[in-house]
Structures are given as C-alpha cells and as structure tokens.
Engineer: 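Here's a structure for you.
Lettering follows sequence order; numbering is per chain, from 1.
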Number of protein chains: 2
Amino acid sequence: MTRAVTLTEVAREAGVSPSTVSRILNGTARVGDDKASQVRRAIEKLGYTRNAFARSLATGSSGIIGVLTPDIASPFYNDALSGIERGLMGSGYSPLMISGHWRTGEEEHAVELLLGRRVEGLILLGGQLPDAEIRAVAAQVPVGVLGRVVNLDAWGGVSIALDQRQSARDLVTYLVGRGHRVIGHISGPPDHADARERLAGYREALEDCGLRFQPSLVVAGDFQELSGLIGMQRLWQRCPRLTAVFCANDQMAYGARLALHRLGLRVPEDLSLIGFDDLPGSAYTTPPLSSVRQPMAEMGRWLARAVLARLRGEAIPPFTPRQELMLRESVATRRVGPDPAHPPRRPKPLP
Amino acid sequence: MTRAVTLTEVAREAGVSPSTVSRILNGTARVGDDKASQVRRAIEKLGYTRNAFARSLATGSSGIIGVLTPDIASPFYNDALSGIERGLMGSGYSPLMISGHWRTGEEEHAVELLLGRRVEGLILLGGQLPDAEIRAVAAQVPVGVLGRVVNLDAWGGVSIALDQRQSARDLVTYLVGRGHRVIGHISGPPDHADARERLAGYREALEDCGLRFQPSLVVAGDFQELSGLIGMQRLWQRCPRLTAVFCANDQMAYGARLALHRLGLRVPEDLSLIGFDDLPGSAYTTPPLSSVRQPMAEMGRWLARAVLARLRGEAIPPFTPRQELMLRESVATRRVGPDPAHPPRRPKPLP
DNA sequence: CTGTTAGCGCCTTCAA
DNA sequence: TTGAAGGCGCTAACAG
C-alpha cells in the first residue's frame with residue numbers, strides 16, 4: 001500500500017552513504033562496526049527489504065530459473081517440480097514456474113514471459129515446443145529438458161529422458177513371464193510421443209515373445225482415469241479371454257481397476273493389471289498396483305543442478321536415471337499348459 | 001549466453017528514438033505507421049524481448065502476485081494453485097509460487113523473498129505463519145488467505161476457509177444415519193488446526209447423536225497414506241466391533257482401505273470408510289470413496305480475483321464456497337436393532 | 001574503510 | 001507525432 005522503503009532512505013536514516021549500506025547488505029567489503037550496527041538498526045526500524053528488480057538491473061543477473069510445466073496440478077510432473085525446487089535450494093536461485101496447459105501457443109507465450117523476466121536458465125518439463133524453438137532458446141540461456149530427447153549438445157543444453165519403450169517392453173515381458181498370453185493395452189493419446197513409445201514397447205514385447213499383436217486388444221485413452229474405465233469395459237467386451245491389461249499410465253489403470261470392480265472381476269485373480277509412472281497413490285490401491293517408476297524427483301533435482309553447473313561453467317554431474325519395475329500385487333501368475341500350435345517361447349529374463 | 005538486446009539497440013536499428021519504441025511497445029501514443037513498421041522489423045530482426053526488471057523499476061509495478069504454498073507437490077493444494085492460475089489469467093499479472101514446506105522459518109523466508117520481488121499481492125495457502133505476521137504483510141500489499149480464518153478486515157485482506165468442523169459433523173452424522181454406532185476416527189496431526197477441527201466435528205456429531213465419544217476409537221495419523229494404514233490396523237485390533245471409520249483426509253483413507261484389504265475385510269460390507277477432501281483419485285478407488293469436497297480450485301480462483309479487485313480498488317466479488325458431501329460407495333447401511341440401554345437418538349437430518 | 005559518480009534498461013514528463 | 005532528459009533503486013568502479 002505504502003511505497004516501499006529504499007536503500008537511500010536507510011542510508012540517510014543511518015547517516016551513511018548508500019554504497020555503505022549496499023556493502024553491508026552484500027558483504028562486499030569490510031565496514032566499520034559502528035556504521036554497520038547503525039545501518040542494521042535503520043533497516044530494522046524502517047522495515048527495509050531490498051528491491052530485487054533494481055538489484056537485478058544493476059548486477060545484470062536475475063537469480064531466477066524458469067520452469068515450464070505442462071500443468072501445475074499434474075501428479076506426474078509435480079514430483080519433478082519438487083525435485084527442481086530441492087536442486088535449486090541454497091543455490092541463490094529460485095524457480096519461476098509457469099504452466100503451458102499442454103498447448104503450444106501457451107508454452108511459447110510462457111517462454112517469452114520467462115525470457116522477459118531474464119531467467120538465467122530454463123527447465124522444460126515435457127511440453128510440445130518444437131525442437132527448433134527449444135534450440136533457439138538454448139542459444140540464449142542454459143536449457144534443461146526433462147522427459148524428452150532433444151539434441152542440445154551444440155547449444156550447451158541438457159536433456160534427460162527415460163526409455164519409455166524399453167520400460168513398456170519390460171513390463172509386458174514380465175506379464176508374459178507370469179504366464180499371460182492374451183494381454184490388452186489401454187494406450188495414451190496417439191499424438192503423445194510417450195504414448196506412442198509405450199504402445200511400441202507393448203507391441204515389440206509381444207512379438208519378441210512370439211505372441212501376435214492384435215489391434216483389437218488395444219484401445220486408446222487420454223491418460224485420465226475415466227478413459228481407463230471406459231477402455232477397460234470395451235476391452236472386456238471385445239475379448240473376455242483377456243488375462244492381463246497393460247495401461248499406459250497409472251491414472252488409467254485406476255479407472256480400469258474400477259471398471260473391473262464394477263464388472264465383478266477380481267484383480268489379480270481374474271485379471272492382472274499393470275500401470276506406468278508409479279504415482280504416489282499406486283502403492284495404496286487395492287491391490288497395490290504394479291507399475292514402472294520414473295524417478296521424476298531425482299531427475300528434476302539433477303536437471304536443476306545441471307543447469308546451475310552450466311551457469312557457473314562447471315562440469316555437469318553424471319547421472320543415470322533408472323526406471324524401476326515396482327512389482328506389487330496386481331499381477332497373478334497363470335499356469336499355462338503347453339499349446340502345440342503356439343509353443344510359448346521363453347521370454348527374455350528381466351534385467 | 002549473449003547479452004540480451006535492449007530497447008535502445010532496437011531504436012538505433014530502426015533509426016528512431018528509444019521513446020518511440022517504448023510508445024509502440026506500450027501503445028501509449030499514436031505513432032507514425034512508417035516508424036511503427038520499421039520498429040517492428042527491428043524487433044523481429046534483433047530478437048528483442050522487453051526487460052521486465054527495468055520495466056518494473058521504471059513503472060513501479062511488478063505485475064507479480066506471490067503465492068505461498070505449503071508444498072508444490074501436494075495433491076490437496078494443487079487444485080488451488082490451478083485455480084489461482086486461472087483467476088490470474090488475462091489479468092496481466094502472473095503468479096510467483098514458492099513452497100514453505102510446512103516450516104514456519106521457510107515460510108517467513110519465502111515471504112521475505114516475495115516482498116523483495118515486489119509482488120503486488122500475496123496469496124497464502126494454509127501455512128503456519130502467525131496471524132500477526134500476516135497482518136504485517138497485509139499492511140504492505142493486498143493479502144488473500146485460503147484455508148485459514150484470519151481477521152484481515154482492518155488491513156484490507158481477505159481470507160476464505162470452509163467450516164471443517166461442520167463438514168466433519170455432517171459426515172459422521174451421515175454415518176450414524178446409516179446405522180453405524182461404533183465409529184472410529186483416524187485423525188490428522190494434533191498440531192494441525194484442520195485436524196483438530198475435524199476431530200472436534202467427529203466428537204460433536206457423536207454426542208449430538210447420543211453416542212459416547214471414546215478416545216480409544218481415535219488414532220492420530222499424519223495425513224499420509226501410511227499412517228492411515230497403520231492407524232486402521234491399530235483401530236481394528238483395539239475394537240473389532242467397529243463398523244465405520246472416518247479418516248481425517250482421503251490420503252489416510254487410502255491407507256486404511258489397503259489395511260482392510262490386507263485384513264481380508266470388505267469395504268463397505270464389513271466396514272464403512274469415509275474420507276475428507278475428495279481428492280481427484282477418490283472417485284476411482286475400489287469402491288469409490290465417500291468424502292467431502294472442498295472446492296479448492298474455485299476458492300483459489302476467487303481468491304486471485306479478490307486480490308486483483310483489491311489491487312484495482314474494485315469491490316470484491318461475492319462468493320460462498322460450498323462443501324459438498326460426495327456420497328459414493330464406501331459406506332454401507334447397517335440394520336440396527338433397538339438397544340434398550342442406549343435407545344438411538346434420531347440423528348439430525350442433513351442440511 | 002567510505003563517499004562520489006556513473007550507469008543497468010525502461011518509462012515518462014516536457015518541449016518541439 | 002517525435003526526441004531529449006531525468007529518474008526508478010541498486011551496484012560497482014574510482015577516488016580519497
């Protein structure tokens with residue numbers, strides 16, 4: 001409401017020059033104890049807080065790392081956000097987060113805004129921005145990308161992503177190893193890169209194991225719970241011989257699980273279910289859901305550190321994110337008799 | 001990497017004065033079409049973005065609303081964050097979010113930082129800051145508080161909170177109405193105001209209905225899933241006559257639900273379960289969880305609007321948040337025979 | 001150790 | 001319609 005107190009006012013109150021106050025605030029130089037305490041008293045009395053803008057303008061550095069997230073309320077990306085927060089903690093930099101709401105236009109706008117605020121680094125979580133635009137930004141500030149492979153080497157950027165396809169293969173191979181032969185898939189939206197990778201992994205795993213890929217066993221969802229529920233209903237209707245379903249993410253697996261509950265089918269006795277992402281809640285569904293964990297928090301934390309390292313010209317710390325199969329209780333073992341027509345090929349052992 | 005382009009450089013490139021460029025950027029005055037297009041071309045060519053700091057410094061306004069959240073990754077507060085985001089959208093203000101991690105010290109530090117960034121308004125989600133400190137801040141910028149009652153009238157602040165106690169009463173009264181007589185409670189941490197309110201509501205509802213409050217039927221959790229699981233085990237061990245349990249939040253209800261699954265008890269046939277908060281996932285648990293919905297997103301949105309209104313000296317829009325009992329499938333009706341010793345008093349009808 | 005001086009990039013009078 | 005000049009609050013040489 002009232003105009004904020006300025007450094008100059010503090011200086012006047014303390015009877016010293018502005019530079020002295022500045023020096024005390026920044027510890028830039030030794031200052032006499034008497035003046036120092038006078039200044040401190042003045043600051044206290046006036047309730048002074050440094051104006052970060054003026055400071056940034058003068059020093060030429062904002063102390064801000066921009067973070068573009070698709071959705072501030074997405075359970076999936078949130079872990080990455082806390083990781084970033086932790087990675088930045090104590091560095092003197094603070095994150096400025098904006099959501100792009102999965103829309104390219106909004107994302108571009110957000111990047112513009114971030115650049116206008118002179119962020120010194122930029123972290124992108126997933127997102128729809130074309131690689132070319134990301135590279136253009138990387139030419140201006142250090143960029144870190146999570147969940148997407150973008151070649152930024154020539155621009156000094158980093159990108160970190162897990163092999164979605166491989167994880168999907170591992171998951172499906174695991175199902176086959178447990179004796180499942182008719183495995184459905186509820187996929188994500190076909191225009192989503194991760195969704196396509198996970199579908200491809202599903203398909204490859206089946207073929208590796210000598211099973212036929214059947215398009216009718218795949219229904220597309222949108223990564224939300226409801227679509228999992230509907231997808232499961234459709235799948236069951238189409239093919240009651242189904243013994244397992246691989247959902248492209250945990251949220252859809254939750255929906256599928258409810259559909260089964262409604263159908264009076266037990267998990268895993270009647271049908272095995274498996275998800276992807278390992279959301280925090282997945283350890284507490286009934287039964288606890290098997291899934292593959294993407295270490296989002298660790299990745300976010302590392303990415304923040306990597307961007308900081310770039311900023312300070314240090315070497316980027318090494319890091320190999322590991323996906324982890326979280327095998328819980330949503331998958332049952334099926335005894336599978338020998339089938340002369342399709343002798344089950346031995347699935348590859350899990351790594 | 002390279003120093004950013006400045007307005008002056010654009011002016012030189014376009015062969016006009018800086019003020020002209022500024023005017024075009026802001027639409028502050030009519031400018032000749034020829035110059036305008038020249039400037040536009042120069043901006044394009046140089047890849048110019050306005051320096052928000054310099055701008056803020058000159059205009060004296062930052063265009064930022066600070067948001068202090070206990071946890072950037074909390075499913076509960078996240079909805080409020082998206083609401084705030086939506087409320088601010090198109091206003092020219094953007095949110096700057098910081099987490100306090102439930103620690104008073106961090107919260108104070110965050111507020112300091114926010115004030116240093118000259119936020120023009122401040123939104124507090126819950127939090128531990130003492131009322132006095134909030135009022136001190138409110139003296140400087142418009143403040144909005146969500147999920148906590150703080151008297152800010154004299155300072156021009158707003159606070160919005162739901163009556164946790166009443167909702168808890170409604171919930172428990174509902175259980176009694178469905179025939180439950182032995183109702184347990186897994187409470188939140190005793191030092192958390194909401195947790196205390198919900199516990200008080202539980203107690204009052206029991207007493208209103210002529211049931212005795214039994215401390216042994218209450219176990220304290222910490223609002224996390226695991227504590228719900230452990231709490232449920234303990235409760236069942238202590239008192240197998242239990243027919244319903246009221247969990248102080250949904251996350252603990254998830255844990256409790258898993259504990260019951262492990263114990264081989266069915267929900268709701270063997271034991272009814274009810275939560276609080278209505279997280280997005282609660283509609284998809286098995287069975288779907290009855291809970292009370294706090295319209296966090298709407299509240300966040302309104303709060304953002306209210307702070308904006310204050311900022312512009314407009315009237316604050318009216319809003320009455322309504323909690324809503326989300327009655328789903330986790331509660332069963334018990335037939336209850338007449339009990340001569342304790343004739344069941346008729347519970348108050350729900351509003 | 002401390003004060004003086006000159007910007008940082010932009011906006012906003014005031015003249016022209 | 002346009003340009004010149006001054007200042008927003010702070011920092012960083014440069015002299016003492």
Engineer: Using only side-chain N and O atoms of B:Asn51, determine if any of them is under 4.0 Å from OP1 or OP2 of C:dC8.
Structural biologist: no

Engineer: On DNA chain D, compare the nucleotides closest to B:Val31 and B:Leu57; which residue's is nearer the 5' end?
Structural biologist: B:Val31

Engineer: Look at all strands and tell whether A:Ser19 reaches a base, only sugar-phosphate, or nothing, counting heavy atoms closer than 4.0 Å.
Structural biologist: base

Engineer: Identify whether any heavy atom of B:Ser22 sits under 4.0 Å from a base atom; if not, whether one sits that close to sugar-phosphate; answer base, sugar-phosphate or nothing.
Structural biologist: base

Engineer: Are OP1 or OP2 of D:dT11 and a side-chain N or O of A:Thr28 less than 4.0 angstrom apart?
Structural biologist: no

Engineer: Would you mind reading off the distance between B:Leu46 atom CG and C:dG9 atom P, rounded to a whole angstrom?
Structural biologist: 14 Å

Engineer: Out of B:Asp277, B:Asp79, B:Asp194, which one pairs with B:Gln294 under the side-chain hydrogen bond (donor to acceptor under 3.5 Å, both in side chains) rule?
Structural biologist: B:Asp277

Engineer: Aromatic rings B:Phe223 and B:His192: how do their planes relate, parallel, tilted or perpendicular, breaks at 30° and 60°?
Structural biologist: perpendicular

Engineer: With no angle test and no hydrogens, is the base of C:dG9 tied to the side chain of A:Arg118 by a donor-acceptor pair under 3.5 Å?
Structural biologist: no

Engineer: Quick one: B:Phe53 CZ to D:dG7 P, roughly how many Å, whole number?
Structural biologist: 24 Å

Engineer: Between B:Ser22 and B:Pro18 (side chain of the first, backbone of the second, donor and acceptor by atom type, cut-off under 3.5 Å), is there such a pair?
Structural biologist: no

Engineer: Counting only N and O atoms by type, is there a donor-acceptor contact under 3.5 Å from the side chain of A:Glu120 to the main-chain atoms of A:Gly63?
Structural biologist: yes

Engineer: Does C:dC11 have OP1 or OP2 sitting under 4.0 Å from an N or O in the side chain of B:Arg50?
Structural biologist: yes

Engineer: Just how far, in rounded Å, is P of C:dC8 from CZ of A:Arg117?
Structural biologist: 22 Å

Engineer: To the nearest Å, give me how far apart CD1 (B:Ile24) and C1' (C:dC11) are.
Structural biologist: 14 Å

Engineer: Which whole-number value in Å describes the distance from A:Glu9 CD to D:dG9 C1'?
Structural biologist: 10 Å

Engineer: The side chain of B:Arg23 lies closest to which of these nucleotides: D:dG3, D:dT11, C:dC11?
Structural biologist: D:dG3

Engineer: Closest-nucleotide mapping onto DNA chain D: is B:Ala58 or B:Gly15 further toward the 5' terminus? I mean the 5' end.
Structural biologist: B:Gly15

Engineer: What is the distance, rounded to the nearest whole Å, between atom CG of A:Leu7 and atom C1' of D:dA12?
Structural biologist: 13 Å

Engineer: Hey, does A:Gly32 reach any base, or is it just sugar-phosphate, or nothing, if we go heavy atoms under 4.0 Å?
Structural biologist: sugar-phosphate

Engineer: Are OP1 or OP2 of D:dG9 and a side-chain N or O of A:Thr8 less than 4.0 angstrom apart?
Structural biologist: no

Engineer: Output the rounded distance in Å from NZ (B:Lys35) to P (D:dT1).
Structural biologist: 12 Å

Engineer: Looking at B:Ser17, does any N or O in its side chain come under 4.0 Å of the phosphate oxygens OP1/OP2 on D:dG3?
Structural biologist: yes

Engineer: Among B:Asp131, B:Val143, B:Val158, which one satisfies side-chain contact (heavy atoms from CB on, under 4.5 Å) with B:Leu152?
Structural biologist: B:Val143

Engineer: Between A:Tyr48 (OH) and D:dG9 (C1'), how many Å, whole number?
Structural biologist: 7 Å

